[in-house]
Structures are given as C-alpha cells and as structure tokens.
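Shown next, in structure tokens, is the structure this report addresses.
On a predicted model such as this, the values are computed, not experimentally measured, just so you know. Letters go in sequence order (proteins before strands), and every chain restarts at 1.
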Protein chains: 2
Amino acid sequence: MTKEKLENTEIEILNAAKEIFQQKGMDGARMQEIADKAKINKALLHYYYRSKQLLFEAVFKSAFSLLAPQLNKVLNDDSDLFEKITKFTDSYITFVIKHPYLPNFVIQELNKNPDFVMKLRSQENFPTIDKFKQQVTDAIKEGIIKPIEAEQLFINIIALNLFPFLGEPLLMALLNVDKKSYTQLLQDRKAHVADFIINAIKI
Amino acid sequence: MTKEKLENTEIEILNAAKEIFQQKGMDGARMQEIADKAKINKALLHYYYRSKQLLFEAVFKSAFSLLAPQLNKVLNDDSDLFEKITKFTDSYITFVIKHPYLPNFVIQELNKNPDFVMKLRSQENFPTIDKFKQQVTDAIKEGIIKPIEAEQLFINIIALNLFPFLGEPLLMALLNVDKKSYTQLLQDRKAHVADFIINAIKI
DNA sequence: ATATTTGTTAACCAAATGGTTAAACCATAT
DNA sequence: ATATGGTTTAACCATTTGGTTAACAAATAT
C-alpha cells in the first residue's frame, strides 16, 4: 500500500536519524550514514524532511517528548512527595536503559543551542514547576520536611538521577570500575538515591 | 626573540583552540575558525599541532588537567569529611564561572569517545578514590555518618555540584527563570548543597 | 656577511558533505 | 491499458573542510 509504505519510510528515516543524531550529535551526524541505516537513498531524506536541520529538529522534538513525561513524574504527579521521589528514582533508570543516549543528547544539544528551548516551551505538555512548588510549600507548612526552595530540591532530584548517566565515562574512570560494576552501582542507586534525598529533607 | 614568538604563537593557538573546541566540540569546531581567533594562518595550526585530532587532544588534556584538581578537592584533600564537602561546594562554582564550558566539554567528549579515558588515566595526578573511600569508612565506623558506599556519596557530591551547570538551559526552561535569576539560584546553592548532603548522611 | 634553520603565508588540493535534478518506478483510479 | 500521482534512485553539483606545498621572512649560527 502506498500510504503504508510512505509512513514506513518516513518512520524508518526518523528512527535511523534518532540513532545517529543521539549518538553523534547534530555536528557529528552524517546524512549519508542516516540514509544507510534507514536503507534508503540519501535524496529521500530531503524528500521527507527537506534539510538536515529540519530532520534534526524532528528528532530533537521527539526525544524531548519522551523525556518530558519523565520530568512530569516529579513535577506533576499526584502522589505524595516522598512517594514520588521514590517512584521517579526507581523508574528513571528503566527509562534510561531503554533510551541510553537520550538525556545526554537533549542536554548537549540544548547547551549548544540554548535558543532552541523556545521551540520546546510552546510544545504541548511542556513541564512546569508550579504544582511541585505548591507541594513543597505544603509539606514544609505541615512540618514534614525542612524548609527548602522547591527549585533547589527539584534540581537536586534531577541531578542525582541524571548525572550518573551523563557522566558515566568520567565516573567509571574516577571510580576505576568496568561497565559491569558500574551498571551494578546504578542499580544500587535505585535503593540509595531516594533514601538519600528523603534523609536530607525530612524532619 | 624567536623563543618568545614561538611560544607565544603556540600558546595563542592553544588558547584559541580551547575556546572554539570547548564551545563547539570536536565535530563542530573548524580549523579556520581557530586560526582566525588566533590571528594566524591556518597552515600554522598544522605546523604546530599536525592535525585537528592532535590539537583537540592537547586541548582536552589541558582541560582535564584543570578539572582534576577540583575533583581532588573531594577525593584527596586532608580536611574533615563535612568540611571538604562544604569547601568543594563553595569553590566549585567559582571554578565554573572562570571556565564555563569546561566541565560540559570534558563530559561530552568523553561520552562521544569513551576510550579516550585511557589516555587520561596514565596522566600524572589522575584522581583516584582510595583515600576518600577510607575516609568514608572511618566516618561510618566513628558513628559520624550513616552507612553509605563511598562511590555513591562521591557520585552524589559531584552530581549536585556539576549538574546545575551541565543542565543549565534545560533547568532554566523548566524553572522558567532568566539567566540572572538562574545565576542567583546557583549562588544560593553554595549555602544549600553542602547542607543538603550533610543532612542526608549525618547521624 | 652569509648559510641555515625556524616561523609564516598564500595558493592549492582531494575528499567529504548537504543538497538538487531528472528520470525511473509503482500503485491506483479512470 | 493507460494516465496520474506519489515514491525512489543514480548521478550530479557547489561548497566546505582538513590538510599540503612551495615560497618568503626572520632569526640564529658560522
């Protein structure tokens, strides 16, 4: 079928582009390599996506729309503060195992092109901190946690969860462990990080 | 003087290369741009550094040799555990203000080329975790801090301090703050992060 | 003084790269 | 069967890019 073939090709290109862009970044990626991975002629890339820049943006938006729900688990989930910290910490590692290059890719390309953020803000479902802020304020008022800025707490949660993946090669070298031990270390963090955070803030 | 001129040019090239490579990465950097910034002819880059790869490696090693002492403040400083956490947290932000692109650059290029780590390990002064590990073990034995793996604690300290810079554009967007407010937030972290860590581990 | 080594440049080169074109292919509607 | 529309390809193109060359300039050694 024409329609099916079309969608297949278009999706095949996007998938190939995701792999290449996420591993090599905008600058390191080659259109020919994406075409090879998608097993199509290079001209087809332009037929469907016009230019490298537009293909890249499609990949980036798609990547961010996978990351956003993860962040929303902290920012806009209904569960109790401690519970959501535990849940996020536990589920995030699963997410990264499924998309190993994604968080690094998003952060890296955002750093290289900070104005890019604008294009995301307008997007549906862009995470906001308001609800989380209210939740932290309430928890403080109720005497459940020590006074802390919601922004700082949020940064801490994200930092403790994302950084071990962003800094993997550096940390592996500093800790002098191989890939297998490091993976074990990351698994141990599931139990460790939530405790660490909760200990830091609970009264 | 020849000697002076030579060293001047060579250093001028390295400085220009640092700026360009650290901002644009290996793939995004252009030899011509580096030459322009150093105000010399492009051929001189090759005269002094042979190839883009070698020039890049010189920049990378130089960058890492600036970062290493920072990490050693956590790993190999003689001061008391709580004190060194406070000192590191406080001094790290000053370091990053002086070298804004450096940590991101090191982590990014290490991710893109993990075998690169080998070239660093052999380097003089490469940080190791042994001393810190002993210190944590002792502090636990003395009942000063709760049981915790030294590796996890180290990752946490580095994560909480590095991530706000690595993820700056992302965090600015999520927190919906401008550059000025974000800088203020980072300043506030000087007081906040050490407390956060110490609260999490002290008995 | 002059030969020699070192530093610097303009011009050049081959390969790679993003992008285009024109023709072929192929499913479907008439 | 055939005209029509979107889909796919091989060949091509202009530009960019890392790197080289040969000649010139400047310093140092003899």
Side-chain angles (χ1 to χ4, degrees), chain A residues 1-63 105 108-109 112-113 116 119, chain B residues 1-63 105 108-109 112-113 116 119:
Chain A
M1 264 115 260
T2 303
K3 193 75 176 291
E4 230 176 49
K5 198 85 192 277
L6 186 159
E7 282 180 12
N8 260 339
T9 305
E10 194 167 348
I11 290 171
E12 219 52 56
I13 290 175
L14 195 64
N15 285 336
K18 275 181 195 172
E19 268 196 63
I20 304 292
F21 275 129
Q22 287 182 24
Q23 284 180 48
K24 312 208 165 176
M26 170 67 170
D27 295 328
R30 295 290 157 250
M31 293 297 267
Q32 186 59 60
E33 201 180 356
I34 294 172
D36 291 347
K37 174 141 283 179
K39 296 194 194 91
I40 47 113
N41 185 289
K42 187 164 65 88
L44 261 196
L45 297 180
H46 294 93
Y47 177 76
Y48 283 105
Y49 292 92
R50 291 192 59 84
S51 70
K52 186 183 185 185
Q53 180 65 28
L54 287 175
L55 177 54
F56 172 79
E57 287 180 19
V59 168
F60 188 86
K61 276 176 192 160
S62 159
F105 169 70
Q108 182 52 30
E109 297 300 330
K112 211 166 278 175
N113 200 346
F116 217 73
K119 286 188 184 162
Chain B
M1 261 116 256
T2 301
K3 194 74 176 290
E4 230 176 48
K5 197 87 193 275
L6 184 159
E7 281 180 14
N8 260 339
T9 305
E10 194 167 347
I11 289 172
E12 218 51 56
I13 291 175
L14 195 64
N15 285 337
K18 275 181 195 172
E19 267 196 65
I20 303 294
F21 275 129
Q22 287 183 23
Q23 283 180 48
K24 312 205 165 177
M26 169 67 171
D27 296 328
R30 294 290 158 250
M31 294 297 268
Q32 187 59 60
E33 201 179 356
I34 294 171
D36 290 347
K37 175 141 281 177
K39 294 193 194 96
I40 46 115
N41 184 289
K42 186 164 66 85
L44 260 195
L45 297 180
H46 294 94
Y47 179 77
Y48 282 105
Y49 291 92
R50 291 195 60 84
S51 70
K52 187 185 184 185
Q53 181 65 28
L54 287 175
L55 177 54
F56 172 78
E57 287 180 20
V59 168
F60 188 85
K61 277 178 191 160
S62 158
F105 168 69
Q108 181 53 29
E109 297 300 329
K112 211 166 280 175
N113 200 347
F116 218 74
K119 287 188 183 160

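Separating the CG atom in A/Leu45 from the CD atom in A/Gln32 is a distance of 8.0 Å, to the nearest 0.5 Å.
Contact check, B/Arg30 against D/dG18: a side-chain N or O comes under 4.0 Å of OP1 or OP2. At the phosphate of C/dT8, OP1 or OP2 sits under 4.0 Å from a side-chain N or O atom of B/Tyr48. Between A/Thr9 and D/dT8, a side-chain N or O to OP1/OP2 separation shorter than 4.0 Å is present.
With hydrogens and angles ignored, a donor-acceptor pair under 3.5 angstrom links the side chain of A/Lys42 to the base of C/dG18.
Using a 4.0 Å heavy-atom distance criterion, B/Leu45 is classed as making no nucleic acid contact. At a threshold of 4.0 angstrom between heavy atoms, the contacts of B/Ala35 with the nucleic acid are absent.
Rounded to an integer number of Å, the gap from CD of A/Gln53 to P of C/dG19 is 9 Å. Distance A/Lys52 NZ to C/dT20 P: 15 Å, rounded to the nearest Å. Atom CG of A/Asp36 is separated from atom C1' of D/dT9 by 14 Å (rounded to the nearest Å). Distance, A/Tyr49 OH to D/dT8 P: 12 Å, rounded to whole Å. One atom, CD of A/Glu33, and another, C1' of C/dT17, lie 13 Å apart when rounded to the nearest Å. The interatomic distance linking B/Phe56 (CZ) with D/dG18 (P) rounds to 13 Å, in whole Å. For the pair B/Asp27 CG and D/dT16 P, the computed distance is 19 Å after rounding to whole Å. Protein atom CD of B/Gln32 is 16 Å distant from nucleotide atom P of C/dC12, rounded to whole Å.
B/Glu19 and B/Asn15 form no side-chain donor-acceptor contact under 3.5 Å, judged by distance and modelled atom types alone.
Between A/Ile40 and B/Met26, the one whose closest nucleotide on DNA chain D sits nearer the 5' end is A/Ile40.
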- Decide side-chain contact (heavy atoms from CB on, under 4.5 Å) for A/Lys37 and A/Ile20; before the verdict, give the C-alpha distance in whole Å, the side-chain angles of both, and the deciding distance to 0.1 Å. CA-CA 9 Å; A/Lys37 174 141 283 179; A/Ile20 304 292; 4.2 Å; yes
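Among the nucleotides C/dG18, D/dT9, D/dG19, the one closest to the side chain of B/Ser51 is D/dG19. The listed nucleotides are D/dG18, C/dG19, C/dA10; the one nearest the side chain of B/Asn41 is C/dA10. Distance from the side chain of B/Tyr47 is smallest for C/dT6 among the nucleotides C/dG19, C/dT6, D/dG19. Nearest nucleotide to the B/Ala43 side chain, out of C/dG19, D/dT21, D/dG19: D/dT21. For B/Leu44, the side-chain atoms get nearest to C/dT8 when compared with the rest of C/dG18, C/dT8, D/dA10.
More than 12 heavy atoms of other residues, nucleotides or ligands lie within 6.0 Å of NZ in A/Lys112, so this atom counts as buried by the packing criterion.
Between B/Phe56 and B/Tyr49, the distance from one ring center to the other does not fall under 6.0 angstrom.
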